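Structure first, commentary second.
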There are 4 protein chains.
Amino acid sequence: MIIRIDLESDTPIYNQLTNQIMEGIATGELKPGQALPSVRALASDLGINLHTVNKAYSILKDSGFVQIHRQKGAVVQAGGMPPADLAFEERLERELRPMAAEAVGRGMTEERWLALCRQAFEQLHARREGGTI
Amino acid sequence: MIIRIDLESDTPIYNQLTNQIMEGIATGELKPGQALPSVRALASDLGINLHTVNKAYSILKDSGFVQIHRQKGAVVQAGGMPPADLAFEERLERELRPMAAEAVGRGMTEERWLALCRQAFEQLHARREGGTI
Amino acid sequence: MIIRIDLESDTPIYNQLTNQIMEGIATGELKPGQALPSVRALASDLGINLHTVNKAYSILKDSGFVQIHRQKGAVVQAGGMPPADLAFEERLERELRPMAAEAVGRGMTEERWLALCRQAFEQLHARREGGTI
Amino acid sequence: MIIRIDLESDTPIYNQLTNQIMEGIATGELKPGQALPSVRALASDLGINLHTVNKAYSILKDSGFVQIHRQKGAVVQAGGMPPADLAFEERLERELRPMAAEAVGRGMTEERWLALCRQAFEQLHARREGGTI
DNA sequence: GTGGTCTAGACCACT
DNA sequence: GTGGTCTAGACCACT
């Protein structure tokens, strides 16, 4: 899986990393049980700091997407992904609200808004169909 | 219009403020041409610093939602809100992507995802219909 | 002569007013010896504050473009306009420098830059030819 | 590069700073990719507040002349300066107009006006040719 | 060590 | 009375 870090982005590097790994898991590019690169290897690959990779892995562990074994390192959660529970839905709502508000304020139609939301979701599924080893 | 600031949140105060004013504009609670409180008044109301309010107002000005008259203070943009142009759609896509990825990763169905997206949009329109006293 | 004030502009109103009167003098729309409207009349016409008009007139007086008679009010300088002396050229240079710098930084060609400078100058002369009473 | 701040000037300090850095970029004294001093270092060098430097850097960032890397600090935009697009030309026209008006009002010839405009442009290019040690 | 955010407090220009 | 600018000083996130 190819990860691209934009050092000039406003998004902190550890967030970019977390997001992209989560996308990899969502598309199935990263399979349950699959090992992630070691913190050291990934940091050197991407030319970023050890701590930054570590922080991303910790967040993924805390939200239940990966497990961290003392020896094997980080592994994509094998038995059951974390559920889309109420707490997650509430967070989603909280994050969607300001985006929807700006869309409404700019006069975007509900159809266009939903089309963009659908597109964001289906792009991940599409990649899931394709399948990369 | 009631504004609530969560000092514990890790969303910066000026962002919380910007978002809520944008919601007010989206729902129509804040009418085009309507005056916003002066930076000093709002800051003291919310118990925050005047510079923090100032930053929120500046962002709203730069994105075209309010006008700042040097002596009269800030008023909601009267003639034509900023359009939902390509740049905005691209930003929206960029922001929706990681949220969709986490939803997919957590096994949320596309139906549920779209329901939440629709809900976020329609809640604003609903409030718009309702009208404020 | 028609004066338009943009209350939403970043340029202070007294500057807008000063500039437009100076343009009127430059194009000849305002003739030497011609009386300007009274402070009171102009302020009420434009819907702005007395003090604001007063400040504009004072600046024009200080730079030698108008004379202020206690009874007749403000009159366009009759006997000889203020010269484009060294002090003025130095001020011009100081103001042109940052604009030229940004133009160069943005890759504008010298031809284009000079075309815009020429245009700004000739538009005033063109209006001078036409002549409005 | 030597930066001089005039605390007496009525041009805000952050504008003086922005202008001088832009001149540095225009002349090539500041090379693409080159690091600017940290806000703290420059502020202490110039004897001004760090927030003032911050504001100048933010303006340069927003207009595309520098990039701000959260931890590395500010660097001159490397890949492609912001273009001299229509919006910039319109701004230039708006700023040139009152200067041209005053020049005409003071009886400056078009030749002299253009000579000063050319000089402002070429002085930057000249410095560019020269090269800095 | 870097910029980002926030506070507190001041003076000024504009109206 | 309004926003604009500036200072001084603090804590935090990121690396």
Side-chain angles (χ1 to χ4, degrees), chain A residues 5 7-17 43 46-56, chain B residues 5 7 9-17 35-44 46-59 61 66-75, chain C residues 5 7-17 43 46-56, chain D residues 5 7 9-17 35-44 46-59 61 66-75:
Chain A
I5 297 300
L7 295 170
E8 282 114 39
S9 163
D10 280 354
T11 311
I13 297 174
Y14 77 89
N15 270 335
Q16 294 183 44
L17 192 48
L46 298 173
I48 62 180
N49 197 291
L50 277 181
H51 301 335
T52 309
V53 178
N54 231 320
K55 178 152 190 176
Chain B
I5 296 301
L7 297 171
S9 164
D10 48 0
T11 306
I13 297 175
Y14 73 84
N15 271 338
Q16 296 182 43
L17 192 48
L36 297 180
S38 79
V39 287
R40 279 176 178 76
L42 187 51
S44 117
L46 299 174
I48 61 178
N49 192 278
L50 113 193
H51 289 116
T52 308
V53 177
N54 219 313
K55 181 155 186 176
Y57 279 15
S58 293
I59 291 173
K61 186 193 79 175
V66 310
Q67 283 181 340
I68 296 182
H69 299 66
R70 224 181 317 290
Q71 313 315 329
K72 291 191 300 178
V75 299
Chain C
I5 296 301
L7 295 170
E8 282 112 40
S9 163
D10 280 355
T11 311
I13 297 174
Y14 77 88
N15 270 336
Q16 295 182 43
L17 193 49
L46 298 173
I48 62 179
N49 197 291
L50 279 181
H51 300 335
T52 311
V53 178
N54 231 320
K55 178 152 189 176
Chain D
I5 296 301
L7 297 171
S9 163
D10 48 1
T11 306
I13 298 175
Y14 72 85
N15 271 339
Q16 295 182 43
L17 192 47
L36 298 179
S38 79
V39 287
R40 278 174 180 76
L42 187 51
S44 117
L46 298 174
I48 61 179
N49 192 278
L50 112 192
H51 290 116
T52 308
V53 177
N54 219 312
K55 181 155 189 175
Y57 278 15
S58 293
I59 291 172
K61 186 192 81 176
V66 310
Q67 283 182 339
I68 296 183
H69 299 66
R70 223 182 319 290
Q71 313 315 329
K72 291 191 297 178
V75 300

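None of these values were measured; they are calculated from a predicted model. Chain letters run A, B, ... following the sequence lines, proteins first, then strands; residues in each count from 1. Only heavy atoms go into these numbers, but all of them, side chains included; no hydrogens, no water, no symmetry mates.
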Please pick, from [options], the nucleotide with the shortest atom-to-atom distance to any side-chain atom of [X].
X     : options                : value
D:I68 : F:dC14, E:dG3, F:dT5   : E:dG3
B:H51 : F:dT2, F:dC14, E:dG9   : E:dG9
D:S38 : F:dT15, E:dG3, E:dT15  : E:dG3
B:Q71 : F:dT15, E:dC11, E:dC14 : E:dC14

Fill in: Under-4.0 Å side-chain N/O to phosphate OP1/OP2 contact, B:N54 with F:dG3
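No, B:N54 has no side-chain N/O under 4.0 Å of OP1/OP2 on F:dG3.
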
Worksheet item: Within the pair D:T52 and F:dT7, is there a side-chain N or O less than 4.0 Å away from OP1 or OP2?
Response: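 For D:T52, the contact criterion (side-chain N or O under 4.0 Å from OP1 or OP2 of F:dT7) is met.
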
Worksheet entry | Mate of E:dC14 where both pairing distances stay under 3.5 Å, Watson-Crick or G-U |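 Answer to the pairing question: F:dG1, which forms a Watson-Crick or G-U pair with E:dC14.
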
Worksheet entry | Pair assignment for E:dT7, Watson-Crick or G-U wobble, requiring both distances under 3.5 Å |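 Across any shown strand, E:dT7 pairs with F:dA8.
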
Using a 4.0 Å heavy-atom cut-off across all strands, classify [X] as base, sugar-phosphate, or nothing.
X     : result
C:I48 : nothing
A:Y14 : sugar-phosphate
D:N49 : base
C:L50 : nothing

Worksheet item: Considering heavy-atom distances to DNA chain E, does B:P12 or D:A41 have its closest nucleotide positioned more toward the 5' end?
Response: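 Result of the comparison: D:A41.
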
Fill in: Closest-nucleotide 5' rank along DNA chain E - winner of D:P37 and B:G47
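It is D:P37 whose nearest nucleotide is closer to the 5' end.
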
Worksheet item: Just wondering, do D:L36 and D:V75 contact through their side chains at under 4.5 Å, heavy atoms?
Response: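 Answer no - side chains too far apart.
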
[X] [atom1] to [N] [atom2]: how many Å, rounded?
X     : N      : atom1 : atom2 : answer
D:K55 : F:dT7  : NZ    : C1'   : 14 Å
D:K61 : E:dT2  : NZ    : P     : 18 Å
B:L42 : F:dG1  : CG    : P     : 18 Å
D:I5  : F:dT7  : CD1   : P     : 10 Å
D:Y57 : E:dT2  : OH    : P     : 11 Å
B:D10 : F:dC14 : CG    : C1'   : 14 Å
A:N15 : F:dA13 : CG    : P     : 13 Å
B:L46 : E:dA8  : CG    : P     : 13 Å

Practice prompt. Report the residue (B:H69 or D:I13) whose heavy-atom-nearest nucleotide on DNA chain F is the more 5′ of the two.
Written response: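 By nearest-heavy-atom nucleotide position, the 5'-most residue is B:H69.
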
Discussion item. Looking at every non-hydrogen atom in both residues, tell me the closest pair between D:L17 and D:L46 and how far apart they are.
Written reply: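 Closest heavy-atom pair between D:L17 and D:L46: CD1-CD1, 3.9 Å.
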
Practice prompt. Provide the closest heavy-atom pair for B:I68 versus B:Y57 in the form atom of the first, atom of the second, distance.
Written response: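 Closest heavy-atom pair between B:I68 and B:Y57: CD1-O, 3.9 Å.
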
Practice prompt. To the nearest 0.5 angstrom, please state how far the CG atom of D:N49 sits from the OG atom of D:S44.
Written response: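 Nearest 0.5 Å value for the CG-OG distance: 11.5 Å.
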
Discussion item. Working to the nearest 0.5 angstrom, can you tell me the gap between B:Q16 CD and B:T11 OG1?
Written reply: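 If we round to the nearest 0.5 Å, B:Q16:CD and B:T11:OG1 are 5.5 Å apart.
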
Discussion item. Using only modelled atom types and a 3.5 angstrom limit, is any donor from either the side chain of B:R40 or the base of F:dG1 paired with an acceptor on the other?
Written reply: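 Per atom types, no contact qualifies.
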
Discussion item. Could you check whether any side-chain N or O of D:S58 sits under 3.5 Å from a backbone N or O of D:N54, counting only pairs where one atom can act as donor and the other as acceptor?
Written reply: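 Side chain of D:S58 to backbone of D:N54, a donor-acceptor pair under 3.5 Å: yes, one is there.
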
